[in-house]
Q: 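Pasting a structure here, questions to come.
Protein chains get the first letters and strands the later ones, always in sequence-line order, with residue 1 at the start of each. As the structure is a computational prediction, the values presented were derived from the model and not from experiment.
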Amino acid sequence: DQQVKQNSPSLSVQEGRISILNCDYTNSMFDYFLWYKKYPAEGPTFLISISSIKDKNEDGRFTVFLNKSAKHLSLHIVPSQPGDSAVYFCAATRGGSNYKLTFGKGTLLTVNP
Amino acid sequence: NAGVTQTPKFQVLKTGQSMTLQCAQDMNHNSMYWYRQDPGMGLRLIYYSASEGTTDKGEVPNGYNVSRLNKREFSLRLESAAPSQTSVYFCASRPGLNYNSPLHFGNGTRLTVT
């Protein structure tokens with residue numbers, strides 16, 4: 001049972017445009033959500049997070065939106081840069097779980113110059 | 001400041017062989033985790049250690065054992081490797097205090113079992 005789903009295996013955008021990566025979850029107990037970015041042959045690196053008490057969190061070019069009623073979150077990257085080309089993982093956890101993260105399968109973002 | 005260091009980077013084993021994957025962090029973090037990543041899959045939690053002296057099973061613990069040797073080190077052992085354990089293994093750590101301290105990952109160990 002996949003509790004965190006990233007239904008788009010890949011996404012290609014032009015440099016300077018907006019990238020929107022989507023993530024759905026099924027477990028209503030999740031209360032904290034994160035996005036990680038991964039380059040080949042490296043470990044994932046933390047990008048941005050959001051608590052379930054918020055519906056938006058912004059950090060520079062990156063914004064995460066959370067729609068709890070739809071159990072959906074999205075990551076917006078504006079403007080997209082070639083260096084943003086990587087695999088993006090959505091992850092979720094809940095309080096009292098010792099921060100055990102459940103990850104989606106990832107979306108490969110390619111930003112074309 | 002190296003962060004999370006995993007050794008070895010690559011390993012090839014024959015079915016039935018054993019090995020230990022090493023992980024050390026120099027950030028004085030309390031919690032440490034082992035994940036595996038398979039092609040087309042997200043990361044799945046194998047074992048974790050919420051604090052020194054404790055270990056618990058994650059989502060896919062079968063075929064693995066762990067040791068939290070001290071606060072810095074958390075090793076993952078495969079007693080009898082199987083081809084299904086071919087994967088990339090990631091170790092991670094975090095301070096363990098609150099939500100605002102996310103996981104820091106190492107660069108992984110790529111394991112092939114033939």
Q: Does any heavy atom of chain B fall under 4.5 Å from the side chain of A/Ala41, the backbone, both, or neither of them?
A: backbone
Q: Can you tell me which portion of B/Gln6 sits under 4.5 Å from chain A's heavy atoms? Options are side chain, backbone, both or neither.
A: neither
Q: Are A/Trp35 and A/Phe30 linked, directly or through intermediate hydrophobic residues, by side-chain heavy-atom contacts shorter than 4.5 Å (ILVMFWY only)?
A: yes
Q: Carefully, step by step, assess A/Asp84 and A/Arg61 under the rule salt bridge (Lys or Arg N to Asp or Glu O under 4.0 Å).
A: CA-CA 11 Å; A/Asp84 296 329; A/Arg61 296 186 297 114; 2.8 Å; yes
Q: Hey, can you tell me if A/Phe103 and B/Tyr35 have their rings parallel, tilted or perpendicular (30° and 60° cut-offs)?
A: perpendicular
Q: Can you name the one residue among B/Ser31, B/Ser49, B/Ser75 that meets side-chain hydrogen bond (donor to acceptor under 3.5 Å, both in side chains) with B/Arg68?
A: B/Ser49
Q: Of the backbone (N, CA, C, O) and the side chain (C-beta and beyond), which part of B/Leu45 lies under 4.5 Å from a heavy atom of chain A, both, or neither?
A: side chain
